[in-house]
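We count ligands from 1, going down the list as the structure has it; atoms in each ligand are counted the same way.
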Amino acid sequence: MSKDTSAEDPWHSGGKLHPVLGTRDPQLADAQRVWGEDFEPVDLSELEGADPHLEDVGEQMRRLRDALTGIADSGADLAEAAELLRRAADIVEPQSPDQATRLASQWRKGGPGARRTNPVGGTENVIAPPLRAFGHPDGSVSARITLGLPYQGPPGCVHGGMSALMLDHLFGFANHWVGLRGMTAHYEIDYRKPTPLLEPLDMKAWVESHEGRKIWVRATIESGGELRVEARALFISANVPLPGRDATAPGEER
Ligand SMILES: CCCCCCCCCCCCCC(=O)SCCNC(=O)CCNC(=O)[C@H](O)C(C)(C)COP(=O)(O)OP(=O)(O)OC[C@H]1O[C@@H](n2cnc3c(N)ncnc32)[C@H](O)[C@@H]1OP(=O)(O)O
C-alpha cells in the first residue's frame, strides 16, 4: 500500500518512504514490540539530507526542554546554562535569514517542505515531541510515544490539545499512506479516559472512506491497553498557495 511520491511534488518533496526495519531507533523498536515483527513498518517521517549539526542542535534543545520543565522547585543553578544559551543564540541568530525568506525556501521547487520543522514530527522543531509515524500494510498508520512534563495539561496527564494535535497530524499521514491528501475541514474528538504522561501512548489512524474530495478518517490513542481518545475527521482535498510562489505551476498541484 506504500506510495512512492514524486520529488517534484512540493507537499511530498523528498518524501520517498524509507523502509526502516533493522534500525535501532527506540520508537521503531517499541512499535515492533506492539504491532509485531510480521508487518513491514515504513517510517513515514524520515526525510533524507538533513544537516547533521541541525539535527544535533534539535536533539540538544529537546534534552534541555525536558530537563528544564518543572526544574524551578529543585534549586538548580542555571546561570552558566543561561550564559551558554545566550552565546548559542548569538551565534545562530545573525546567520539565520528572516522567517519569510526561510519559509519561501522550504517551499521552493524540490525544497524540503515542512516535514523536518512541523510541530509534531519535525526533528528540527524543539516543540515537536517528535512523533514518528509508521505505515502498515492494512492502510493504517501508527505511532508510539511517551510524553513528558512539557505536554502536561491536567495533573499527570497529556494536554487534550496535544492529543488533538498529534491525531490531526496522524490523519495527514493516514491520507498520505493511501495516496490521498487534504485539509482538515471538520474534527470531532472524544476524551474517554485521562491520557497519562510518562507512559507509552499507542496511536493509530486510518482512512475510513473517501468519495470525491471528501476523506473521512478515524484515530485512537490507547495507553496500558485502554482506549483514551478517539477522533473522527473530514478532510477535503484542496490546494493552498505555496509560500514564495506566485501560483501553483502546472504539474505541481498538491
Ligand atoms: C511523507 C509526506 C507526508 C505528508 C503528510 C503530511 C503530514 C502533516 C499533515 C498535517 C495535517 C494537518 C492538517 C491540518 O492542519 S489542515 C489545517 C486546518 N484546516 C484548514 O485550515 C482548512 C480551512 N478550510 C478550508 O480551507 C476550506 O473550508 C476547505 C478547503 C476545507 C473546503 O473549502 P472548499 O471551498 O474547497 O470546499 P467547499 O466549501 O465547496 O466544500 C466542499 C464539500 O465539503 C463539504 N464541507 C466543507 N467543509 C465542511 C465542514 N467543515 N464540515 C462538513 N462538510 C464540509 C461541503 O459541504 C461540500 O460538500 P458538498 O456540498 O459538495 O457535498
- [ ] Before accepting this row, confirm whether a basic side-chain N of the pair Glu222/Arg228 lies closer than 4.0 Å to the acidic partner's carboxylate O.
- [x] no
Task: Asp51 side chain reached by Asp56 side chain, heavy atoms, under 4.5 Å - done: no
TODO: Identify which of Ala133, Ala174, Ala238, Ala185 has a heavy atom lying nearest to atom 51 (N) of ligand 1.
DONE: Ala185
Task: Co-members of Ile91 in a cluster of I, L, V, M, F, W and Y side chains, linked at under 4.5 Å - done: none
Open item on the list: Are more than 12 heavy atoms, taken from residues, nucleotides or ligands other than Glu83, located less than 6.0 Å from that residue's CD atom?
Closed with: yes
Task: Best match, Val120, Thr184, Asn175: closest heavy atom to atom 13 (C) of ligand 1 - done: Thr184
TODO: Look at atom CD of Glu188 and say whether more than 12 heavy atoms of other residues, nucleotides or ligands are closer to it than 6.0 Å.
DONE: yes
Task: Close approach of Arg115 to ligand 1, heavy atoms, under 4.0 angstrom - done: yes
Open item on the list: Show the atoms of ligand 1 that are less than 4.0 angstrom away from any heavy atom in Leu234.
Closed with: 53 (C), 54 (N), 55 (C)
Open item on the list: Quick check on contacts: which atoms of ligand 1 are under 4.0 angstrom from a heavy atom of Arg213?
Closed with: 34 (P), 36 (O), 37 (O), 42 (C)
Open item on the list: Below the 3.5 angstrom mark, is there an N/O of His176, backbone or side chain, next to an N/O of ligand 1?
Closed with: no
Open item on the list: Taking 4.0 angstrom as the limit and counting only heavy atoms of His169, give me the atoms of ligand 1 inside it, by number and element.
Closed with: 8 (C)
Task: Which residues share a ring pair (Phe, Tyr, Trp, His ring centres under 6.0 Å) with Phe171, sequence neighbours left out - done: Tyr187, Phe235
